[in-house]
Amino acid sequence: MSEEHRETGTGWPQPAGPGRPSGPAGEPDPRPDAPDPDELSPLAPEAEPAAPVEREDVPAPAEEPGAVVSPEPEPEPEVEPGEPGPERVSVSRRLTSAGAMIAVLLALLGFTLVVQLKTTSTDPTLAATREEDLVRISSDLDSRERRLRQDIEALEDSQRQLRSGEQGRQAALEEATRRADELGILAGTLPAVGPGLEVEFRGPEKATSSTRILDAVQELRGAGAEAMQIQGADGTAVRIIASTYFVDGSGGGLVVDGRRLSAPYTILVIGDPATMRTALNIPGGVVSSVRDAGGNVTSEDREVVEVSQLHAPIKLDHARPVS
């Protein structure tokens with residue numbers, strides 16, 4: 001190949017200057033996209049330049065000695081239209097799992113925001129309060145709690161005191177009631193029942209005079225008698241108290257606190273039977289004196305003696321309790 005020709009990349013020499021391209025030995029250019037010889041004529045009208053066409057059948061240039069040849073990449077597997085490749089499948093799978101994770105995170109974030117909004121919306125004042133104010137509010141609440149606890153303890157102490165006071169008042173009331181009952185029995189304003197004696201006096205008027213009956217009452221009181229009453233033969237009874245008096249009635253009989261009683265006389269007394277019986281029977285005592293006057297005294301122990309006759313309350317005109 002002479003210097004007048006240059007390599008065109010097709011393997012065919014072409015003159016350097018303008019002119020008609022031709023193949024070897026003047027044969028026409030065998031290329032399919034070769035221009036028409038008539039179009040290359042100077043008389044032919046100028047045609048628009050043809051778009052470059054990629055040539056897949058162009059032989060590669062000869063390798064020069066010492067040149068580095070890069071390996072040709074392996075051809076990718078052909079994929080039919082509408083069928084995703086393996087890389088697209090793996091990428092789509094990664095995108096699907098990532099999308100699910102993002103959706104879960106977004107759902108959790110939304111739930112957290114909703115809860116926070118509900119919490120802060122319940123008290124808008126606290127939401128806009130500074131940290132120093134919140135600390136002060138917390139301190140005030142703690143102080144109020146301590147004060148309330150102190151109030152509760154004070155109220156509990158008061159309750160215990162009231163309960164103890166109530167118990168004390170109840171005990172005092174019971175004691176006062178018991179004392180009032182005792183005084184009522186001694187004053188003759190309340191009936192009484194208990195063990196004691198039934199003492200009967202029989203004989204002439206001299207043996208059953210008011211003096212002999214008063215001596216018997218004094219002996220019984222000294223022996224611990226707690227309640228007494230005297231009754232006559234007709235059943236008339238009089239309660240014997242500290243102010244009771246005994247007088248011999250005109251025409252016979254006995255007058256006790258203004259009421260006339262007829263012999264024989266019976267005294268019902270509550271107390272220790274043995275002690276009272278011993279007091280009546282002492283030498284030179286009541287039983288001995290009545291017998292000396294021609295009368296007779298009999299006493300009988302009773303497990304239950306009922307003193308039911310009452311005395312009217314005494315109105316005091318001068319005496320007052322000491323305050």
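- The salt bridge (Lys or Arg N to Asp or Glu O under 4.0 Å) pairs that include a residue from residues 202-226 are Glu200-Arg202, where partners are two or more places apart or lie in different chains.
- Closest approach of Gly294 and Ala207 over heavy atoms only: C-CB, 4.2 Å.
- Between the OG atom of Ser262 and the CD atom of Gln231 there is a distance of 10.5 Å, given to the nearest 0.5 Å.
- Rounding to the nearest 0.5 Å gives a distance of 11.5 Å between CZ of Arg144 and OG of Ser139.
- Two different hydrophobic clusters hold Ile213 and Val255 under the rule that ILVMFWY side chains link at heavy-atom gaps under 4.5 Å.
- Screening residues 274-299 for side chain to side chain donor-acceptor pair (under 3.5 Å), with sequence neighbours left out, gives Asp272-Thr275, Arg277-Asp301.
- For the pair Val287 and Phe201, the minimum side-chain heavy-atom distance is 4.5 Å or more.
- Inter-residue side-chain proximity for Leu220 and Leu280 is flagged as met; some heavy-atom pair is nearer than 4.5 Å.
- Hydrophobic clustering (side-chain heavy atoms under 4.5 Å, transitive across Ile, Leu, Val, Met, Phe, Trp, Tyr) keeps Val256 apart from Ile241.
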Pair Arg179-Glu175, salt bridge (charged side-chain N to carboxylate O under 4.0 Å, His left out): steps then yes or no: CA-CA 6 Å; Arg179 184 60 178 168; Glu175 178 64 21; over 6 Å; no
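- Cluster membership for Val199 and Met276, using ILVMFWY side-chain heavy atoms within less than 4.5 angstrom, is shared.
- Between Val269 and Val217, every side-chain heavy-atom pair lies at or beyond the 4.5 Å cut-off.
- The shortest non-hydrogen separation linking Ala223 to Ala279 is CB-CB, 3.7 Å.
- For the atom pair Gln229 CD and Thr266 OG1, the distance stands at 10.0 Å (nearest 0.5 Å).
- Counting non-hydrogen atoms of neighbouring residues, nucleotides and ligands closer than 6.0 angstrom, the CZ atom of Arg178 exceeds 12 such neighbours.
- Separation of atoms CD1 (Ile185) and CZ (Arg239) is listed at 7.5 Å; rounding is to 0.5 Å.
- Transitive grouping of hydrophobic side chains (ILVMFWY, heavy atoms separated by less than 4.5 Å) keeps Ile240 and Leu190 in distinct clusters.
- Counting only N and O atoms by type, the side chains of Asp248 and Ser209 include no donor and acceptor under 3.5 Å apart.
- Hydrophobic cluster membership differs between Leu261 and Val307, with clusters built from Ile, Leu, Val, Met, Phe, Trp and Tyr side chains linked at under 4.5 angstrom.
- Side chains of Leu254 and Thr208 form no contact here, defined as non-hydrogen atoms less than 4.5 Å apart.
- Checking side-chain atoms of Thr177 against main-chain N and O of Leu173 turns up a donor-acceptor pair under 3.5 Å.
- In terms of the side chain to side chain contact (heavy atoms under 4.5 Å, CB included) criterion, residue partners of Ala187 (sequence neighbours excluded) are, by chain and number, Thr189.
- Atom-to-atom distance recorded for Leu268:CG and Ile230:CD1 is 9.5 Å, nearest 0.5 angstrom.
- Distance CZ/Arg146 to CG/Asp151: 13.0 Å, rounded to 0.5 Å.
- You'll find the side chain of Ser243 reaches within 4.5 Å of the side chain of Ile314, heavy atoms only.
- The shortest distance between side-chain heavy atoms of His311 and Asp257 falls below 4.5 Å.
- Nearest heavy-atom pair across Ser308 and Pro191 is CA-CB, 4.2 Å.
- Shortest non-hydrogen contact noted between Gly258 and Tyr245 is N-OH, 3.0 Å.
- Residues Glu300 and Arg302 meet the side-chain proximity criterion, which asks for heavy atoms closer than 4.5 Å.
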